[in-house]
Amino acid sequence: MNPPPPNRIPAQEHGIDQSLLDINSLEVVSRLKEAGFDAFLVGGCVRDLLLGVTPKDFDVATSATPEEVKSLFRRARLVGRRFRIAHVRFGRDIIEVSTFRKSDPDTAEFNQHGMIVSDNEFGTLVEDAYRRDFTINALYYDPVTGDVLDYVGALRDMADRRIDCIGDAHVRLAEDPVRALRALRFKAKLNFSIADSISDMLEETAERLSAIPSARLFEEFNKLFMLGYAHPAWRAISTSPIHRVLFPCTPADSQITDLAMRNTDERLASGKPATPGFLIAVLLWEDYSARLRELSTHQPRLVAAHAAADQTLAAQSAIIAIPRRYSTFAQEVWQLQPRIEERAPRGIMRLLGHKRFRAAYDLLGLRAHVDTALKPVFDWWTQFQEEPEQRDNLLASVPKLATAKKPRRRRRNRNKPAQPVSDPTP
């Protein structure tokens, strides 16, 4: 049975703003077409263009094989194991070029959970459209003719502001459970709703996520929380069954996490940097603190702090891989918290110059929003940084720590001869 022809929308109807197009992606499409191949802008970039949003990335789909793409572009490199694609480099800009693919159950390999582990078949444009995950990601734009092609009802779902699978949601989510995370991410980014067919599968799909490699889940972590919509993404995750599988160490109603996600979005929107290390420190702070309190009852605090950090990071890393640079970042931020609270005068300037001080100060600020008893300490540090001329007065205002005096040991005078021991017998 032949699929129906696409819904073809001409330029005068869809009204894509040409100024939002990427000149390098247009060069790729143009050169492929000149060589006799079909080529389109595809996926999320077309969706965003139709929404009037500047796409973050521009991807190209073509009938050319990866080797044929490489032969046309001097600065092209083939990447990927499961499916080879071409990266065409223009300075620091990379255009991802993929060959039309198809989903063929007769040749694809599945594991015992129904997940696709091998799916490497070239196909036609139509087959490529039906292979994609969500309707809103299966749009094709020909910048030469100006037409947008829709094979799967994407424009209808965009008009309804809805995220829906192509085909049977049960099958598509079983093939790749990460699609559930992608659905929640698009919900957060676009402020769309999720189709009931997907929502009904979240409970079952959440359990399947435990079979996904932890390194791949860290990539999804970054896409969820480091692209400017961390707060709505966290709200979507924390209110879904996926939360207990991916973030068992973080309470769903964590106030400090909610604040951190909101602050991360504000930083990114204002052009300031943000690091996954800080979000990891916040997400796991409550679990670390609970372990530290328990371990401190029978271990020295410093030993307990290291043990608690190791346990918390190990528990989360078993699910979502945490690169060492970020786990070390989080551990250093945690271990600075008692020092920041104590404000020992002799170590103040050294503490202020610590490479993790600013992150530790920011964590203290989040904690002070939740625990008002910490607000005077946070305000003290704010004033100490902003008003250098007041530092002597501020240092004088720090309460002295009540420390028990150790008994002084009597030092023996080495120059004085030892007294002979008297004989106790009469």
Side-chain angles (χ1 to χ4, degrees), residues 6 8-11 14 16-51 53-104 107-108 116 118-134 136-151 154 176 182 215-216 219-220 222-223 227:
R8 187 181 295 268
I9 304 93
H14 61 64
I16 287 178
D17 184 351
Q18 297 294 304
S19 68
L20 299 180
L21 296 173
D22 175 74
I23 189 170
N24 295 324
S25 64
L26 298 180
E27 169 67 19
V28 171
V29 170
S30 176
R31 197 180 303 183
L32 285 166
K33 282 180 169 287
E34 288 173 359
F37 299 106
D38 291 331
F40 303 86
L41 297 181
V42 66
C45 67
V46 184
R47 177 200 67 222
D48 290 348
L49 288 168
L50 289 171
L51 292 172
V53 176
T54 302
K56 183 177 180 294
D57 300 301
F58 285 82
D59 296 335
V60 173
T62 180
S63 59
T65 65
E67 290 73 20
E68 289 169 331
V69 174
K70 192 174 189 302
S71 68
L72 288 174
F73 297 93
R74 182 173 58 87
R75 301 198 65 185
R77 184 168 67 96
L78 301 187
V79 299
R81 293 182 179 179
R82 175 175 156 186
F83 192 84
R84 302 283 276 174
I85 60 175
H87 279 176
V88 181
R89 183 179 293 276
F90 294 85
R92 300 179 66 178
D93 187 19
I94 294 177
I95 306 300
E96 184 173 291
V97 183
S98 60
T99 305
F100 296 149
R101 293 165 55 186
K102 66 179 178 180
S103 293
D104 188 347
T107 59
I116 293 179
S118 178
D119 177 23
N120 196 11
E121 291 289 324
F122 294 140
T124 64
L125 170 60
V126 178
E127 290 170 329
D128 191 74
Y130 280 92
R131 175 196 61 82
R132 294 178 179 270
D133 50 6
F134 305 115
I136 60 173
N137 291 338
L139 289 162
Y140 298 79
Y141 175 51
D142 186 340
V144 176
T145 66
D147 292 344
V148 169
L149 306 183
D150 175 15
Y151 288 91
D176 186 359
R182 286 168 56 81
R216 186 182 177 196
E219 294 176 5
E220 293 300 320
N222 283 329
K223 292 176 183 178
L227 295 179

Quiz item: So Glu96 and His87, side chain to side chain contact (heavy atoms under 4.5 Å, CB included) or not? Walk me through it.
Solution: CA-CA 5 Å; Glu96 184 173 291; His87 279 176; 3.5 Å; yes
Practice problem: Kindly confirm or rule out a cation-pi arrangement of Arg182 over Phe134, judged by NZ or CZ under 6.0 Å from the six-membered ring centre and within 45° of its axis? | Solution: no
Return the minimal non-hydrogen interatomic distance between [X] and [Y], and the atom names on each side.
| X | Y | result |
| --- | --- | --- |
| Ala86 | Leu78 | CB-CD2, 3.8 Å |
| Ala138 | Ala129 | CB-O, 3.8 Å |
| Pro55 | Cys45 | CG-O, 3.5 Å |
| Leu41 | Val46 | O-CG2, 3.4 Å |
| Lys56 | Leu227 | CE-CD2, 3.6 Å |
| Asp142 | Lys33 | OD2-NZ, 3.1 Å |

Mind checking what makes salt bridge (charged side-chain N to carboxylate O under 4.0 Å, His left out) contact with [X], not counting sequence neighbours?
| X | answer |
| --- | --- |
| Arg132 | Asp128 |
| Arg8 | Asp147 |
| Arg89 | none |

Quiz item: Taking it one step at a time, do Thr62 and Val69 satisfy side chain to side chain contact (heavy atoms under 4.5 Å, CB included)?
Solution: CA-CA 9 Å; Thr62 180; Val69 174; 4.1 Å; yes
Exercise. Start with the C-alpha gap between Thr54 and Asp48, add the side-chain angles, then the distance that decides, and say whether side chain to side chain contact (heavy atoms under 4.5 Å, CB included) holds.
Key: CA-CA 7 Å; Thr54 302; Asp48 290 348; over 6 Å; no
Practice problem: Measure the acute angle between the ring planes of Tyr140 and Phe40, then classify it against the limits of 30° and 60° as parallel, tilted or perpendicular. | Solution: perpendicular
Exercise. Taking the side chain as every heavy atom from C-beta outward, state whether Asp38 and Leu125 have any atom pair closer than 4.5 Å.
Key: no
Roughly how far apart are [X] [atom1] and [Y] [atom2], rounded to 0.5 Å?
| X | Y | atom1 | atom2 | value |
| --- | --- | --- | --- | --- |
| Asp150 | Leu139 | CG | CG | 5.0 Å |
| Thr124 | Lys102 | OG1 | NZ | 8.0 Å |
| Ile16 | Ile9 | CD1 | CD1 | 9.5 Å |
| Arg84 | Thr65 | CZ | OG1 | 11.5 Å |

Quiz prompt | Pair Lys223 + Glu220, salt bridge at N-O below 4.0 Å | solution = yes
Quiz prompt | Residues Arg31, Glu27: salt bridge by 4.0 Å N-O rule | solution = yes
Quiz item: So, does Thr99 use its side chain to make a donor-acceptor pair with the main chain of Ser63 at under 3.5 Å?
Solution: no
Quiz item: For His14, which residues count as a ring-ring contact (aromatic ring centres under 6.0 Å, His included) partner, sequence neighbours excluded?
Solution: Tyr141
Quiz prompt | side chain to side chain contact (heavy atoms under 4.5 Å, CB included) evaluation trace for Phe73 with Val97 | solution = CA-CA 11 Å; Phe73 297 93; Val97 183; 5.9 Å; no
Exercise. With sequence neighbours left out, write down each residue that passes side-chain contact (heavy atoms from CB on, under 4.5 Å) with Asn24, or none if nothing qualifies.
Key: Asp22, Phe90, Asp93, Ile95
Quiz item: Of all residues at least two apart in sequence or in a different chain, which pass the side-chain hydrogen bond (donor to acceptor under 3.5 Å, both in side chains) check with Asp17?
Solution: Ser19
